[in-house]
Colleague: 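Encoded as structure tokens, here's the structure I'll be asking about.
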Amino acid sequence: MLQKSSQFMREANLIGGEWVQADSGATIDVINPATGLKIGTVPKSGKAETRRAIEAAAEAFASFCKTTALERSKMLRKLHDALMDNQDALAELLTLEQGKSLTEAKGEIASSAAYVLWFAEEARRAYGDVVPSPWGDRRILVTREPVGVIAAITPWNFPSSMLSRKIGPAIAAGCTAVVKPASQTPYSGLAWGALCEEVGIPKGVVNIVTGSAGEIGDEICANPLVKKITFTGSTEVGKLLIGKSASTVKKVSMELGGNAPFLVFDDADIDRAVEGAVVAKYRNSGQTCVCTNRFFVQAGVYDRFVEKLADASAKLKIGPGLDEGVQQGPLIDDKAVEKVEEFIADASEKGGKVVTGGKRHELGGTFFEPTVIAEAKPEMRFMKEEIFGPVAPVFRFETEEEAVALANDTEFGLACYFYSSDLGRVFRVTEGLKYGMVGVNEGLITTPEAPFGGLKESGLGREGGHQGIEDYLDTKYVCIGGLGL
Ligand code: NAP
């Protein structure tokens with residue numbers, strides 16, 4: 001089974017173009033969540049290895065920043081092609097370490113490639129300005145320059161595509177990078193190193209270290225050579241990194257936690273809403289930052305929606321991601337399952353009704369049944385906390401104002417969704433929702449052309465869209481005098 005993906009499976013770190021082990025020789029075991037068995041190991045690197053990776057990136061930056069936008073665009077196009085040419089092998093590796101179905105893993109690789117292609121195109125459009133000068137004898141230019149070495153830290157739920165949104169704009173802008181993938185899914189991150197080598201991206205432009213999160217993070221934050229940190233992960237760790245990087249005043253981009261609401265109004269197309277709900281809830285077994293955490297359904301359609309959602313949830317095929325036709329794989333680990341069980345117990349104690357699912361799947365391990373809980377109440381834990389699992393709590397509401405207020409009653413503001421066929425309501429509700437991304441009559445909205453990112457404690461900055469390259473560029477104002485005009 002490993003044969004197809006093994007060409008990309010690296011059990012070493014990439015520093016300055018060399019594949020190396022941790023100084024101490026220490027390693028981290030990587031487990032297949034579908035079987036609980038060890039797949040292999042990766043180095044447990046720390047401060048010293050990270051410092052060397054940063055220095056290698058700084059050295060590479062000296063020449064990489066002088067490449068033309070067209071040259072970098074061509075590199076990214078090759079990287080896109082390499083991703084797509086090896087989609088099956090990369091997807092298999094992703095499923096092995098992460099658990100998601102092979103169909104979703106292939107989709108993630110395609111999404112990674114799409115982001116890389118987008119930034120290949122954006123590389124050539126990082127325009128500056130010529131500003132009308134207030135002085136007759138002087139001219140004003142505003143130019144864009146790469147920020148320098150950037151550091152990227154990514155989570156386990158999208159181990160490939162979260163990196164594409166960081167490596168893509170970094171290379172497009174002319175930056176060099178030090179990357180730290182999540183310890184539970186390091187192979188898909190390390191595979192980017194193999195791909196970069198294959199397509200001839202210069203040594204030291206992309207460096208990848210795995211290991212102790214605290215040590216690697218501390219070195220990244222404290223090292224003045226790093227000019228920007230881009231992080232995707234929990235709000236808790238994001239806050240820590242913002243605080244620690246203050247000492248060296250770095251740029252920060254943060255893609256943090258979510259608590260997505262999904263509103264269904266009486267005037268909605270219920271079948272369409274259920275279809276969108278299944279995608280927005282169960283993708284990656286509910287383990288995405290944009291997964292619906294709370295369903296709010298208007299009283300007139302509440303029972304019908306719950307019944308249809310429960311039916312659709314019960315039909316999902318659960319199993320190891322590599323098996324044919326599987327739609328939902330295991331959760332990432334035991335802790336994730338325990339958290340889901342705690343949320344369900346809390347809801348049941350407070351009057352919630354489990355309509356379908358509610359327990360571990362008969363397959364054992366970390367497989368969990370898709371679960372719908374009716375009669376959800378604001379005092380239940382999932383009103384405030386990210387579930388990160390296949391549980392759909394459904395709250396009942398009466399009025400539009402009440403629904404918007406409930407949806408906004410969270411410190412998060414990443415994605416939200418709502419279903420309505422009333423045009424006036426579509427605009428009112430869109431404008432009332434305090435979220436960075438709104439899906440109207442759509443449950444799946446991520447695409448490289450659009451800016452992905454959150455408000456409030458869900459983050460800072462945007463990935464994708466024309467905004468996605470901004471944070472990798474510094475703005476320089478040039479006033480040219482003495483022109484004798
Ligand atoms: P996490 O615990 O914050 O970990 C994310 C990354 O940060 C991992 O690489 C982790 O390394 C590293 N890390 C942990 N502690 C660190 C520290 N002290 N210093 C530096 N790095 C540190 O998050 P997760 O559980 O993997 O991911 C789930 C979270 O990510 C959810 O909250 C989800 O909403 C969020 N997410 C957000 C987006 C978005 O675009 N907004 C996308 C996907 C996920 P180790 O793996 O070695 O611990």
Side-chain angles (χ1 to χ4, degrees), residues 6-27 40-68 71-83 85-86 89-90 93 112 116 119-120 123 146-154 159-160 163-164 166-181 186-211 215-216 219-220 223 225-228 230 472:
S6 60
Q7 73 189 101
F8 293 106
M9 190 168 155
R10 295 286 185 278
E11 298 198 294
N13 286 176
L14 182 62
I15 300 179
E18 306 295 327
W19 289 98
V20 294
Q21 295 303 317
D23 293 353
S24 65
T27 56
T41 62
V42 293
K44 189 174 183 192
S45 292
K47 263 182 191 294
E49 297 87 340
T50 307
R51 190 172 312 133
R52 284 202 296 278
I54 294 169
E55 286 163 1
E59 198 183 321
F61 181 70
S63 51
F64 194 63
C65 69
K66 298 202 173 73
T67 53
T68 67
E71 284 167 336
R72 297 194 300 275
S73 176
K74 285 180 178 166
M75 285 178 205
L76 287 171
R77 280 178 182 275
K78 282 192 191 160
L79 194 53
H80 163 271
D81 293 349
L83 280 154
D85 290 348
N86 296 289
L90 292 165
L93 187 63
S112 297
V116 167
F119 286 110
V147 298
V149 176
I150 68 107
I153 302 178
T154 48
S160 177
L163 270 177
S164 69
K166 303 181 189 304
I167 291 177
I171 292 178
C175 298
T176 56
V178 174
V179 168
K180 184 226 166 290
Y187 291 126
S188 297
L190 291 164
W192 279 90
L195 288 160
C196 287
E197 272 188 333
E198 190 174 304
V199 304
I201 290 173
K203 285 180 197 294
V205 170
V206 175
N207 304 274
I208 309 176
V209 284
T210 52
E215 282 196 35
I216 296 172
E219 180 60 30
I220 283 172
N223 195 315
L225 290 174
V226 176
K227 302 300 178 201
K228 170 190 168 62
T230 167
Y472 295 80

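Just the heavy atoms: all of them, side chains too, but no hydrogens, waters or symmetry mates, feed the values below. Please read these numbers as outputs of a predicted model, since none were measured by experiment.
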Colleague: Considering non-hydrogen atoms only, spot the tightest contact between Ser188 and Pro159 and give its length.
Modeller: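 Reported closest heavy-atom pair: CB-CB, 3.8 Å.
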
Colleague: Excluding sequence neighbours, so at least two apart, what forms side-chain contact (heavy atoms from CB on, under 4.5 Å) with Glu71?
Modeller: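 With neighbours one apart ignored, the set is Thr67, Thr68.
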
Colleague: Any non-hydrogen side-chain atom of Asn223 less than 4.5 Å from a side-chain atom of Val149?
Modeller: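 The answer is no; the side chains never approach within 4.5 Å.
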
Colleague: Between CG of Leu83 and CZ of Phe8, what distance do you get to the nearest 0.5 Å?
Modeller: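 Spacing of CG (Leu83) from CZ (Phe8) equals 8.5 Å.
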
Colleague: With rounding to the nearest 0.5 angstrom, report the CD1 to CG distance, Ile220 to Leu225.
Modeller: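 Going from CD1 on Ile220 over to CG on Leu225, the span is 12.5 Å.
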
Colleague: For Asp23, enumerate each residue passing the salt bridge (Lys or Arg N to Asp or Glu O under 4.0 Å) test, keeping only those at least two apart in sequence or located in another chain.
Modeller: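 Only Arg52 meet the salt bridge (Lys or Arg N to Asp or Glu O under 4.0 Å) criterion with Asp23.
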
Colleague: Do you know the tightest heavy-atom contact between Ala191 and Leu90?
Modeller: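 Scanning both residues, the minimum pair turns out to be CB-CD2, 3.9 Å.
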
Colleague: More than 12 non-hydrogen atoms from neighbouring residues, nucleotides or ligands closer than 6.0 Å to NZ on Lys44, yes or no?
Modeller: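 No.
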
Colleague: Could I get the full list of side-chain contact (heavy atoms from CB on, under 4.5 Å) partners for Ala22, not counting sequence neighbours?
Modeller: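 Testing Ala22 for side-chain contact (heavy atoms from CB on, under 4.5 Å), a comparison that skips the adjacent residues, returns Ser24, Pro43, Ser45, Glu49.
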
Colleague: Kindly write out the residues that satisfy salt bridge (Lys or Arg N to Asp or Glu O under 4.0 Å) with Lys180, not counting sequence neighbours, or none if the list is empty.
Modeller: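 Here no residue qualifies.
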
Colleague: Tell me which pairs pass side-chain hydrogen bond (donor to acceptor under 3.5 Å, both in side chains) where either residue lies in residues 201-211, with sequence neighbours left out.
Modeller: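 Residue pairs passing side-chain hydrogen bond (donor to acceptor under 3.5 Å, both in side chains), neighbours aside: Asn13-Thr210.
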
Colleague: For residues 187-198, which residue pairs qualify under salt bridge (charged side-chain N to carboxylate O under 4.0 Å, His left out), counting only residues two or more places apart or in two chains?
Modeller: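 As it turns out, there is no salt bridge (charged side-chain N to carboxylate O under 4.0 Å, His left out) pair with a partner in residues 187-198 once direct neighbours are skipped.
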
Colleague: Check side chain to side chain donor-acceptor pair (under 3.5 Å) between Arg10 and all other residues, then give those that pass, not counting sequence neighbours.
Modeller: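 Arg10: no side chain to side chain donor-acceptor pair (under 3.5 Å) contacts found.
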
Colleague: Between Leu163, Ile167, Thr230, which is the residue that forms a side-chain contact (heavy atoms from CB on, under 4.5 Å) with Thr154?
Modeller: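 Looking at Leu163, Ile167, Thr230, the match for Thr154 under the side-chain contact (heavy atoms from CB on, under 4.5 Å) is Leu163.
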
Colleague: Begin from the C-alpha positions of Glu215 and Thr50 and carry the test side-chain contact (heavy atoms from CB on, under 4.5 Å) through to its verdict.
Modeller: CA-CA 8 Å; Glu215 282 196 35; Thr50 307; over 6 Å; no

Colleague: With sequence neighbours left out, what residues match Glu219 under salt bridge (Lys or Arg N to Asp or Glu O under 4.0 Å)?
Modeller: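 So Glu219 forms a salt bridge (Lys or Arg N to Asp or Glu O under 4.0 Å) with Arg51.
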
Colleague: With side chains defined as the heavy atoms from C-beta onward, is the minimum distance between Trp192 and Pro181 less than 4.5 Å?
Modeller: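 When only atoms from C-beta onward are counted, Pro181 and Trp192 do not touch, as no gap falls below 4.5 Å.
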
Colleague: What is the minimum heavy-atom distance between Ala82 and Val199, and which atoms define it?
Modeller: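 Closest approach of Ala82 to Val199, heavy atoms only: CB-CG1, 3.7 Å.
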
Colleague: Looking at residues at least two apart in the chain, or sitting in another chain, which of them share a side-chain contact (heavy atoms from CB on, under 4.5 Å) with Cys196?
Modeller: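 Cys196: side-chain contact (heavy atoms from CB on, under 4.5 Å) contacts with Leu79, Ile201, Val206.
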
Colleague: Taking the side chain as everything from C-beta on, heavy atoms only, tell me whether Phe64 gets closer than 4.5 Å to Met75.
Modeller: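 SC-SC contact between Phe64 and Met75 confirmed.
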
Colleague: Lys66 side chain to Ala62 main-chain N or O, any donor-acceptor pair under 3.5 Å?
Modeller: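 Yes, because the side chain of Lys66 sits within donor-acceptor range (under 3.5 Å) of the backbone of Ala62.
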
Colleague: Quick check: closest heavy atoms across Val209 and Ala53, and the distance to 0.1 Å?
Modeller: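 Closest pair (atom of Val209, atom of Ala53, distance): CG1-CB, 4.1 Å.
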
Colleague: Could you measure the distance from the NZ atom of Lys228 to the SG atom of Cys175? Nearest 0.5 Å is fine.
Modeller: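 Between atom NZ of Lys228 and atom SG of Cys175 there are 8.5 Å.
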
Colleague: Please report the shortest heavy-atom distance between Ala12 and Leu190, naming the atom on each side.
Modeller: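 The pair with the smallest heavy-atom distance is O-CD2, 3.2 Å.
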
Colleague: Check whether any side-chain heavy atom of Ile150 sits under 4.5 Å from a side-chain heavy atom of Tyr472, and report yes or no.
Modeller: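 Of all side-chain heavy-atom pairs linking Tyr472 with Ile150, at least one is under 4.5 Å.
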
Colleague: Decide if atom CD of Glu59 counts as having more than 12 heavy atoms of other residues, nucleotides or ligands within a radius under 6.0 Å.
Modeller: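 Not buried by this count: 12 neighbours or fewer within 6.0 Å.
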
Colleague: Using the test side chain to side chain donor-acceptor pair (under 3.5 Å), find all partners of Glu11 that sit at least two apart in sequence or belong to another chain.
Modeller: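 Scan of Glu11 (side chain to side chain donor-acceptor pair (under 3.5 Å), adjacent residues dropped) gives Tyr187.
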
Colleague: If every non-hydrogen atom of Pro146 is compared with every non-hydrogen atom of Ala173, which pair is closest and at what distance?
Modeller: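 Between these two residues, the closest heavy atoms are CB-O, 3.2 Å.
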
Colleague: Applying side-chain contact (heavy atoms from CB on, under 4.5 Å), name anything that partners Ser73, two or more places apart in sequence or on another chain.
Modeller: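 In terms of side-chain contact (heavy atoms from CB on, under 4.5 Å), with neighbours along the sequence ignored, Ser73 is linked to Arg77, Ala120, Ala123, Arg124.
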
